[in-house]
Amino acid sequence: MPAHENVNIPSGNEEEADRRPLVLVHRLPRFALPFDMRTTFRLLDPIASATDESPQDFLSRHAPSIRALITVGPTPVNADLLDLLPSLRLVVGSSAGVDHINLTDCRRRGIAVTNAGSAYSEDVADYAVALLLDVFRRISAADRFVRTGSWPRKPEYPLGFKLGGKRVGIVGLGSIGSEVAKRLVAFGCRIAYNSRNKKPSAPYTYYANVCDLAVNSDVIVVCCALTKETHHIINKDVMTALGKGGVIINVGRGAVIDEKELVQYLTRGEIGGAGLDVFEKEPDVPKELFTLDNVVLSPHRAVLTPESFEAVREVITANLNAFFSNKPLLSPVQYE
Ligand SMILES: O=CC(=O)O
């Protein structure tokens, strides 16, 4: 959908007559809201507006009436933006992760923040399992083997591994991690997890320390948010603890893993493989990984399905409606 299609620019009397709440669409040019919200909200989009003003001047002109914004994808919400919007009271994130939003600054200014809640969780969990199956059974590598015409020349193809019975350590047992666990239990895997706190209702073994989790796992699945505490939590000690046959799946954020170390461990054969949907400096992916058949690479797609877009549209709408009618927000982000 072209970026401007779901945006209308109010002006003059039309603006006064229009009772839909005004919401700023905050986005980098390469991102667009993937759904239409115009029936409920009056969307203000500096990028799609046909004025000669700079985005800063445009925002300053509208600032007094901007109380809520939707930030599209990973578009940063930082102090420079918040300085321009003194009336802002709500930042609606359209992603599950909120590492692109300066939560400290929002809290200081009394601005509430919401995220996508569990709108993406099932799709991300499916994707994590798909990456894991792909790495274990070498599906993408087998596809390359067939497409490049190797099959008739070299009928032997390396064996993949069975998923059932493997010990899977999930880092972050939130909404996504719990969905991953549910799916892998059905595959006959044994689940353990690490998170900030033990979850009394989770029937899985808890490890307070990620290294202990890794020693006791064949696979690590990273599902946690990126925070100061989780930055590079998967470091070389964890990779050593996971060991030679160990596999790492990442559907969280790239920087949860020390990517330089991961590349070293993979190229030296010191861990068994990886399935990666996220990277430290997207869209840049370390070139060393391109030649490794035991690594499956994906361009941050785990969340993206038409169904999850519909679910996130509902969450965003519910949060905005709640905000504009002074009701409790649906998926508020808890400040640390
Ligand atoms: O990565 C995507 C998200 O956080 O929703």
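Each ligand, and each atom within it, is numbered from 1 in the order the structure gives. For reference, positions follow the sequence shown, starting with 1. Only this structure's heavy atoms are used, side chains among them; waters, hydrogens and symmetry mates stay out.
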Starting from the C-alpha separation in whole Å, work towards a yes-or-no answer on ring-ring contact (aromatic ring centres under 6.0 Å, His included) for Tyr206 and Tyr193.
-> CA-CA 5 Å; Tyr206 173 67; Tyr193 71 103; 5.2 Å; yes
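Proximity to Tyr120 (heavy-atom distance under 4.0 Å) selects the following atoms of ligand 1: 5 (O). Applying the 4.0 Å criterion to heavy atoms of His300 picks out, from ligand 1, the atoms 1 (O), 2 (C). Residue Val303 approaches ligand 1 through these ligand atoms, each under 4.0 Å from one of its heavy atoms: 2 (C), 3 (C), 5 (O). Within the listing of ligand 1, atoms 3 (C), 4 (O) sit less than 4.0 angstrom from a heavy atom of Gly97.
Not one N or O of Ser95 is nearer than 3.5 Å to an N or O of ligand 1, by distance alone. Considering backbone and side-chain N/O of Gly252, none are found under 3.5 Å from N/O of ligand 1.
Between Arg61 and Glu53 a salt bridge is recorded (basic side-chain N to carboxylate O distance below 4.0 Å). At a threshold of 4.0 Å, the pair Arg109-Asp83 counts as salt-bridged, since one of the basic side-chain nitrogens sits closer than that to a carboxylate oxygen. For Arg27 and Asp45, the salt-bridge test passes: some basic side-chain N is under 4.0 Å from an acidic carboxylate O.
Stacking of Arg268 on the aromatic ring of Tyr265 is recorded, both the 6.0 Å distance cut-off and the 45° axial limit being met.
Here the protein heavy atom with the shortest distance to atom 3 (C) of ligand 1 is Ala96 N, 3.3 Å.
Side-chain contact check for Leu304 versus Tyr127: every heavy-atom pair is 4.5 Å or farther apart.
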